[in-house]
Number of protein chains: 2
Amino acid sequence: MNIGEAARSSGVSAKMIRHYEAIGLLSPAARSRSGYRIYSDSDVYALRFIRRARDLGFSLHQIKQLLELWRDRRRSSADVKRIALAHVDELRRKIAELESMARTLEHLARHCHGDHRPECPILDDLAAPAGAAARRTKRPSYASPDKTDERHARRSPHPAR
Amino acid sequence: MNIGEAARSSGVSAKMIRHYEAIGLLSPAARSRSGYRIYSDSDVYALRFIRRARDLGFSLHQIKQLLELWRDRRRSSADVKRIALAHVDELRRKIAELESMARTLEHLARHCHGDHRPECPILDDLAAPAGAAARRTKRPSYASPDKTDERHARRSPHPAR
DNA sequence: GTGGGGCTTCCCACTCTGGGAAGGTCAAGT
DNA sequence: ACTTGACCTTCCCAGAGTGGGAAGCCCCAC
């Protein structure tokens, strides 16, 4: 089958199939005499594998490793599990990060009248000095407290480095 | 002050400050005779505002709007609140998506021995046709229960990933 | 043989951030 | 003065992942 049909039956766009081939995630497809890419059923299975893995949020790098393990009959399930759990950790980390942002914003929005008047705790928070904002959201400041002195230190003859 | 000091005292890298200027998020900085960018305290406040907004996950586009509102004394807090709540919705949507991925993977990983043997439910899931995979994880899909066909629907629009 | 839809490659867009090269500038120490 | 090292400038390139679109060839049914 041609790339269009492979795309339709795998859920991966033709554009992406070519891209995956270009970056080495897939081995180059066979070609017809006129240069069209030709796909077999097993190619489509691999594409579905990729699609499903993308849906679960795996990076293309991880998918490459998973594909290799999938094709290796002598693999250890431990290797697969390791990749999956590392990804879960990453997902949990991101979720916590987003959750923290959402909570902060919800809190601020609750205290914003949301009317025609200009006063707004949301803008006040954004405009607040880093330290104050950091204290309010319970996240460490991005600037260490002694940064001010560091500037002077760097001006000295032989900065520590 | 020069860009380096502005960067250190705002938490935004010099690289990014130049970039924000280039894309019009910031108006062009004043220059010294030798061409160095010069920043005032109020420029630093704006940079901190941007930094804080980035920490809360706002896109540069939203930040541009927030900056304009911040500077507009005749603003309506409703406009600010609208932007913030739209962002919260987006965050909640992403959280739900990641949460669903994480739950699916945790479920699969729990059933994977993770030893030297090749058998692995994780790979089995990835390799299975979409429908079957969804059924095996005991959830119609990682999205809402009434969207079993979402995988197909998502082919055209684009998922935020 | 013609038209429409599929295929090819190639470049550009987006998001946001960083790396690094080549070169000019400033301020200090020798 | 001269050197040195930190700092600044611009410009290009990289990533991750996807899409849009142009220019041009191919295939098949009518």
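First the proteins, then the strands, lettered A, B, ... as listed; each starts at 1. Computed over heavy atoms, backbone and side chain alike; hydrogens, waters and symmetry mates excluded.
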Subject >> Nucleotide C/dC7, atom C1' - distance to CD of A/Glu5 in whole Å >> reply: 14 Å
Original post:
In whole angstroms, how far is the P atom of C/dC10 from the NE2 atom of A/His19?
Top reply: 15 Å
Original post:
Taking CD1 from B/Ile3 and P from C/dT25, how many angstroms apart are they, rounded to a whole number?
Top reply: 17 Å
Original post:
To the nearest angstrom, how far is A/Met1 atom CE from D/dC27 atom C1'?
Top reply: 18 Å
Original post:
Ignoring hydrogens and angles, are the base of C/dG24 and the side chain of B/Tyr36 linked by a donor-acceptor pair under 3.5 Å?
Top reply: yes
**OP:** Look at A/Arg37 and C/dT8 and indicate whether a side-chain polar atom (N or O) is within less than 4.0 Å of OP1 or OP2.
**Re:** yes
Original post:
Which part of the nucleic acid, if any, lies within contact of A/Ser32, taking any heavy atom under 4.0 Å across all strands shown: a base, the sugar-phosphate backbone alone, or nothing?
Top reply: nothing
Original post:
Within this structure, what is the CD1-to-P distance between A/Ile23 and D/dG15, rounded to whole angstrom?
Top reply: 10 Å
**OP:** Just call it for A/Arg33: base, sugar-phosphate, or nothing, with non-hydrogen atoms closer than 4.0 Å on any strand.
**Re:** nothing
**OP:** Could you check whether B/Arg18 gets within reach of a base, just the sugar-phosphate, or nothing at all, counting any heavy atom under 4.0 Å?
**Re:** base
Subject >> Under-3.5 Å donor-acceptor pair between A/Lys15 side chain and D/dG17 base >> reply: no
**OP:** Can you tell me which residue pairs pass the ring-ring contact (aromatic ring centres under 6.0 Å, His included) test with a partner in residues 46-87 of chain B, sequence neighbours excluded?
**Re:** B/Phe49-B/Trp70, B/Phe58-B/His87
**OP:** Can you sort out the partners of A/Glu90 under salt bridge (charged side-chain N to carboxylate O under 4.0 Å, His left out), two or more places apart, ordered by chain and number?
**Re:** A/Arg93
Original post:
Does a side chain donor of either A/Ser76 or B/Asp115 reach within less than 3.5 Å of an acceptor in the other side chain?
Top reply: no
Original post:
C/dC26, C/dC16, D/dC8: which one has an atom nearest the side-chain heavy atoms of B/Ser59?
Top reply: C/dC16
Original post:
Which is true for A/His61 with a 4.0 Å heavy-atom rule: it touches a base, it touches only sugar-phosphate, or it touches nothing?
Top reply: nothing
Subject >> Side-chain (B/Ser77) to main-chain (A/Pro118) donor-acceptor, under 3.5 angstrom >> reply: no
Original post:
Quick one: which of D/dG17, C/dT17, D/dC8 gets closest to the side chain of B/Arg54?
Top reply: C/dT17
Original post:
For the pair made of CZ in A/Arg31 and C1' in D/dC25, what is the distance, rounded to whole Å?
Top reply: 13 Å
**OP:** Provide the closest heavy-atom pair for A/Ser13 versus A/Ala7 in the form atom of the first, atom of the second, distance.
**Re:** C-CB, 4.0 Å
Original post:
How long is the line joining OH of A/Tyr20 and P of D/dG17, in whole Å?
Top reply: 8 Å
Original post:
When you match B/Ser13 and A/Gly4 each to their closest nucleotide on DNA chain C, which lands nearer the 5' end?
Top reply: A/Gly4
Original post:
Can you tell me how far C1' of C/dG19 sits from CE of B/Met16, to the nearest Å?
Top reply: 11 Å
